[in-house]
Amino acid sequence: MATKRLYRSPRGKIFGVCTGLAEWRDLPPDPVRLIVFLVVLATGIFPGALIYLLAALIIPMNPEGSYDSSIYTNDAPDSSEEELKAEYERLKRKVEKMESEMFNKERDWDDRFHQGS
């Protein structure tokens, strides 16, 4: 059984320490971040922040770079430009329809209000 090494993750928010800990122990990163944040607050901020910075300096960055580089590309793999334009127009018409219905209801209430006076 191969043991995992502790590395900082390139996908981390601040230095990748919490995400690296989460990947090392197969945990979700958000609860790990929350626990680290609460520990930093409980220690009076300075000691906890100092420990976090030391961990960022001591723990090496993941040499494999196990992040998905496809999120940084400009090409959408399955969508063509025409499909995106069609979807944009469909959503635009839907929003315009919703706006007209909303304003018609407001106009209806205004008419009812002014008829009663």
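Source: prediction; values computed, not measured.
- The two residues Thr19 and Gly12 make their nearest non-hydrogen contact at OG1-CA, 3.3 Å.
- Taking Leu41 as the reference, Phe37, Ile45 meet the side chain to side chain contact (heavy atoms under 4.5 Å, CB included) condition, with sequence neighbours excluded.
- Considering only residues two or more places apart in sequence or on other chains, Lys85 meets the salt bridge (Lys or Arg N to Asp or Glu O under 4.0 Å) condition with Glu81.
- Applying the salt bridge (Lys or Arg N to Asp or Glu O under 4.0 Å) rule to pairs touching residues 27-53 yields Asp30-Arg33, sequence neighbours excluded.
- Tyr7 and Met61 end up in different hydrophobic clusters when Ile, Leu, Val, Met, Phe, Trp and Tyr side chains are linked at under 4.5 Å.
- Under the side-chain hydrogen bond (donor to acceptor under 3.5 Å, both in side chains) criterion, Asp111 pairs with no residue, sequence neighbours left out.
- The shortest heavy-atom contact between Pro47 and Gly44 is CD-O, 3.9 Å.
- Within the structure, side chain to side chain donor-acceptor pair (under 3.5 Å) pairs that include any residue of residues 41-61 do not occur (at least two apart or interchain).
- Between the side chain of Arg8 and the main chain of Ile59, a donor-acceptor pair closer than 3.5 Å is present.
- Within a 6.0 Å radius of CG in Leu54, other residues, nucleotides and ligands contribute more than 12 heavy atoms.
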Requested in this report: Run the numbers on Arg25 and Leu21 for side chain to side chain contact (heavy atoms under 4.5 Å, CB included), then give the verdict.
Outcome: CA-CA 6 Å; Arg25 291 296 173 197; Leu21 283 169; over 6 Å; no

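- Ile35 and Leu53 end up in different hydrophobic clusters when Ile, Leu, Val, Met, Phe, Trp and Tyr side chains are linked at under 4.5 Å.
- Between the CG atom in Asp26 and the NZ atom in Lys4 there is a gap of 3.5 Å [rounded to 0.5 Å].
- Applying the side chain to side chain contact (heavy atoms under 4.5 Å, CB included) test to Glu89 and every residue at least two apart in sequence or in another chain returns Lys92, Arg93.
- Between Ser9 and Gly20, the shortest heavy-atom contact is CB-N, 3.8 Å.
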Report task. In sequence, state the C-alpha distance, the side-chain angles, and the governing distance for Phe15 and Leu57, and then conclude on side chain to side chain contact (heavy atoms under 4.5 Å, CB included). Result -> CA-CA 9 Å; Phe15 300 121; Leu57 291 173; over 6 Å; no

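- Residue Ile58 holds its CD1 atom at 10.5 Å from CG of Leu6, rounded to the nearest 0.5 Å.
- A distance of 11.5 Å separates SG in Cys18 from CG in Leu27, rounded to the nearest 0.5 Å.
- Hydrophobic cluster membership is shared by Ile14 and Trp24, with clusters built from Ile, Leu, Val, Met, Phe, Trp and Tyr side chains linked at under 4.5 angstrom.
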